[in-house]
Amino acid sequence: MFLLFTTALLLEKSILVLALFTVTLGVAAYATLAERKVAAAMQDRVGPNRTGPFGLLQPIADGVKFFMKEDFMPNSAERWLYILAPGAFMFVACMTSAVIPWGTELTLFGRPVALQVADLNIGILYILGFTSLGVYGVMVGGWASNNKYSLYSAIRASAQMISYELAMGLALIAVVMLTGTLSLREMAEQQAGLNWNVWYQPLGFLIFFVCALAECNRAPFDMAECETELIGGYHTEYSSMKLGFFLFAEYINMFIACAVIAVVYFGGYNFPGLDPSWLGGLMGLVVMLAKTFFFIFVFMWIRWTLPRFRYDQLMQLGWKTLVPLAMVNMLLTGTFVLVFES
Amino acid sequence: MTLAVFLTLAIASIVFALLMVLTKNPVHSVIFLLLTFFAVAGQYVLLNAQFLAVVHIIVYAGAVMVLFLFVLMLLNLNTEAEPRQTARWKLAAALVSGMLMLTLVGTLRAGAALPIPENTDPHVGLVQNLGKVLFTDFVVPFEMAGILFLAAMVGAVLLAKREIR
């Protein structure tokens with residue numbers, strides 16, 4: 001009986017991991033198309049429309065193109081680290097999705113199935129941990145290329161990520177104070193209906209959102225690949241699918257960051273009228289994905305609207321605005337929790 | 001099963017630690033140290049101390065080693081730029097590290113004689129229990145560590161300031 005249970009659990013988790021992996025890659029691939037479509041709409045153009053209906057086959061054509069390109073490696077590059085860096089970046093990006101609750105428990109074949117790979121009781125810290133590892137792919141890749149522009153970019157990226165992780169962590173502490181848990185599933189369960197954390201944490205959400213933009217290397221914080229100053233940034237010397245991995249992993253990071261925003265601040269799979277039935281569970285999943293896609297759209301909207309920061313402005317904003325604001329937010333939240341709980 | 005995982009992680013951490021010391025390139029050293037940290041974090045997970053494992057990764061792998069790598073990249077050390085060490089320096093270094101090793105071995109031998117506390121509660125490493133212990137039984141050492149960090153931070157800011165008016 002126990003063996004049967006473990007086998008079923010193992011099978012369920014394997015299928016879930018596989019499905020999540022496929023969905024993540026699919027969303028990331030179509031986010032590249034969406035990015036170009038959004039950019040086109042904002043600049044009053046049509047965007048890619050030659051491959052398939054509405055250009056829907058464009059991501060597949062892009063993938064094939066990446067594989068067909070010559071895989072060039074500079075002579076002076078650090079061979080192993082140069083090869084390892086894109087893989088490490090991709091691996092870290094894919095790992096983060098494991099703790100995100102995508103929906104309520106569904107009952108399949110008479111047993112409850114949670115739409116989450118692992119319900120760690122420190123889920124939010126797991127996400128912070130893996131985000132902080134994301135910088136290694138950029139740093140090692142930039143250094144191993146043995147190119148001055150790449151090195152500059154790697155140094156910029158690492159300084160930026162460390163600075164913004166701090167404010168991000170401080171903004172999350174306020175949420176943890178409010179909910180009293182580090183588990184993402186419990187956080188989502190507490191936000192039933194429209195009782196979302198964003199109503200209690202508007203400032204915290206704003207800080208977290210800005211930091212998420214910076215952590216994903218998205219405009220207006222894309223200093224690491226600032227093409228007007230650094231050619232292509234840390235992936236200047238990369239070509240073929242190695243370059244593809246770097247670009248693709250950034251879209252995965254964006255997808256995961258938006259999912260985290262949806263779960264932590266916008267109630268995850270919750271919406272008014274969520275019922276625990278089978279259909280209701282699926283609706284929760286749809287709502288969760290809709291919220292995530294909305295934030296992906298906001299990320300793109302910002303990219304094609306705002307100009308890039310200067311590097312010193314970036315550091316000013318991180319250390320002198322966001323960190324103190326996050327601390328004030330922490331103090332206010334602590335006071336409110338203390339007053340309303342006693 | 002647990003023993004196999006433990007042995008794999010233990011051997012991995014020893015091998016990576018040795019590689020970290022023996023490799024010539026400082027950037028490779030940092031990467032190997034990073035892998036050692038991962039192996040150690042795996043041991044924490046095995047002991048059901050998930051919080052400790054994640055904090056270990058966030059602090060050491062996510063912050064400290066990034067700064068190490070940052071500095072090494074800026075310096076861009078290589079074998080030509082490395083200053084030649086005289087025999088006297090080598091002797092002094094060997095002496096100092098030998099003394100440290102002696103202390104560590106002595107401590108470990110004394111510790112081995114003590115009885116191993118039987119861990120009956122598998123939830124002892126979880127974050128709720130850790131927090132309770134830190135803020136009740138160990139509140140004074142905990143706050144002292146906080147003050148130590150604050151002092152170090154103030155010192156660093158003071159050093160980084162160019163001119164003091």
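Because the structure is predicted, anything quoted here is derived from the model rather than measured.
Side-chain contact check for A/Val135 versus B/Leu69: every heavy-atom pair is 4.5 Å or farther apart. Taking the side chain as every heavy atom from C-beta outward, A/Glu78 and B/Val27 never approach each other to under 4.5 Å.
More than 12 heavy atoms of other residues, nucleotides or ligands shown are found within 6.0 angstrom of CE on A/Met90. Other residues, nucleotides and ligands contribute over 12 non-hydrogen atoms within 6.0 Å of the CZ atom of B/Phe70. The number of heavy atoms from other shown groups lying within 6.0 Å of CZ (A/Phe336) does not exceed 12. Within 6.0 Å of atom CZ in A/Phe246, more than 12 heavy atoms from other residues, nucleotides or ligands are found, so the atom counts as buried in its surroundings. Within a 6.0 Å sphere centred on OH of A/Tyr82, other residues, nucleotides and ligands contribute more than 12 heavy atoms.
Proximity to chain A is absent for every atom of B/His56, based on heavy atoms less than 4.5 angstrom apart. Only the side chain of A/Ile162 comes within contact range of chain B, judged by heavy atoms closer than 4.5 Å. Only the side chain of A/Leu81 has a heavy atom closer than 4.5 Å to any heavy atom of chain B. Residue contact with chain B, scored on non-hydrogen atoms closer than 4.5 Å, involves the backbone and the side chain of A/Ala159 alike.
Among A/Leu125, A/Val140, A/Leu84, the residue with the largest count of heavy-atom pairs under 4.5 Å with chain B is A/Leu125.
Residues B/Gly62 and A/Ser132 come closest through the heavy atom pair CA-OG, 3.6 Å. Between B/Ala61 and A/Leu133 the shortest heavy-atom distance is CB-CD2, 3.7 Å.
Between A/Trp80 atom CH2 and B/Ile31 atom CD1 the span is 14.5 Å, to the nearest 0.5 Å. A distance of 9.0 Å separates CG of B/Leu72 from CH2 of A/Trp143, quoted to the nearest 0.5 Å.
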Practice task
Mind running side chain to side chain contact (heavy atoms under 4.5 Å, CB included) on A/Tyr136 and B/Val66 for me, showing each step along the way?
Solution key: CA-CA 7 Å; A/Tyr136 281 103; B/Val66 173; 3.6 Å; yes
